[in-house]
Amino acid sequence: MTKDKRIKNITSTVLSNFWGKLERIDFDFKFKSGKWKRIAHEAYGKSDGVAILLYNAESKKVLLSKQFRIPVYISGVSDGVSIEVCGGAIDDGESPETSVIREVKEELGYNVSNLKAVSTVFLSPGIVRERVHLFTGNYTDSDRIDNGGGLETENEEIEVLEVTFTKAMEMIDLGEIIDARTIMLLQHIKINELID
Ligand SMILES: Nc1nc2c(ncn2[C@@H]2O[C@H](COP(=O)(O)OP(=O)(O)O[C@H]3O[C@H](CO)[C@@H](O)[C@H](O)[C@@H]3O)[C@@H](O)[C@H]2O)c(=O)[nH]1
Ligand SMILES: [Mg+2]
């Protein structure tokens, strides 16, 4: 943590430590007026995360995953099925690169080549402590190892979707893709003309 003269007396109370850790952070904050105030704020997180958009510049297709997401379901916006780039939480001792290669094998059943770091982002900085490392990578049919699908032992049931880049962009407009990481990475491909 960087030292900031506007903040002091930080304490953390763990409210839940089930999968990720939900903490209540109490801290003294100095406003621009010079007034100090004690503030309580919740923050949630596990490890940092990774996400990758795999694309094939020859066939102009991308590889996505489709799975049931309980937070989406209980928000009531859809049936809870979410179409996303491949990704997940970084395991202990892993680098973002090692983690993303593992996730691609587990969830999509592919080897990845030409791994490129795009940026590292907070998806919900007021609530979630996690940073997500975003990548792009290339694949061809010969990189396919198996059906992917995720780990049953971790309650994952993932369907692999291979769609044209044009179709994926349409899915954003139709509200069929609503995951921020996926939208950012598809737009990255578009802006940088990685698929023409
Ligand atoms: N979220 C969550 N996952 C849990 C929980 N308990 C067990 N899990 C299991 O932990 C695994 C997480 O799978 P990953 O592939 O590592 O993560 P993800 O669910 O695809 O991605 C989510 O987490 C990433 C890392 O925090 C995030 O980067 C991403 O945005 C997304 O929220 C899944 O098998 C999930 O069932 C829980 O209480 N909450
Ligand atoms: Mg995942």
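Excluded from the calculations below are hydrogen atoms, water molecules and symmetry mates; all remaining heavy atoms, backbone and side chain alike, are included. As the structure lists them, so they are numbered: ligands from 1, and atoms in each ligand from 1.
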Can you measure from CG (D143) to OH (Y110) and round to the nearest 0.5 angstrom?
8.0 Å
[Y] and [X], any side-chain heavy atoms less than 4.5 Å apart:
X: I83; Y: T182; value: no
X: H133; Y: E97; value: no
X: I183; Y: I177; value: yes
X: P96; Y: I90; value: yes

Among protein heavy atoms, which lies nearest [atom], and at what distance?
atom: atom 29 (C) of ligand 1; result: R181 NH1, 3.4 Å
atom: atom 17 (O) of ligand 1; result: G88 CA, 3.2 Å
atom: atom 34 (O) of ligand 1; result: E154 O, 2.5 Å
atom: atom 9 (C) of ligand 1; result: W19 NE1, 3.8 Å

Carboxylate-amine/guanidinium contact [X] [Y], below 4.0 Å:
X: R102; Y: D91; result: yes
X: D28; Y: K30; result: no
X: E84; Y: K66; result: no

For [X], counting its heavy atoms only, list the atoms of ligand 1 lying under 4.0 Å from any of them.
X: F18; result: 38 (O)
X: V132; result: 28 (O)
X: G87; result: 15 (O), 20 (O)

Is the number of heavy atoms from other residues, nucleotides or ligands under 6.0 Å of E157 CD greater than 12?
no
Examine V50 against ligand 1 and note whether any of their N/O atoms are separated by less than 3.5 Å.
no
Is it the case that ligand 1 has an N or O less than 3.5 angstrom from some N or O of A89?
yes
Select one of side chain, backbone, both or neither to describe which atoms of E106 lie under 4.0 Å from any atom of ligand 1, heavy atoms only.
neither
Ligand 1 contact on R69 by region, counting heavy-atom pairs under 4.0 Å:
side chain
Would a search of protein heavy atoms around atom 14 (P) of ligand 1 find one under 4.0 Å away?
yes
Could you confirm whether I158 has any N/O/S atom lying under 2.8 Å from the Mg ion (ligand 2)?
no
Under 2.8 Å: N/O/S of E156 next to the Mg ion (ligand 2)
no
Among the N, O or S atoms of E107, the one nearest the Mg ion (ligand 2)
OE2
Compute the minimum heavy-atom distance from E103 to ligand 1 and say whether it is under 4.0 Å.
yes
Do any heavy atoms of E107 fall under 4.0 Å from ligand 1?
yes
Are the side chain of D79 and the backbone of V81 linked by a donor-acceptor contact shorter than 3.5 Å?
yes
Using modelled atom types only, decide if a donor and an acceptor are shared between the side chain of S124 and the backbone of I127 within a distance under 3.5 Å.
no
Heavy atoms only: which of E130, E156, R102 is nearest to atom 27 (C) of ligand 1?
E130
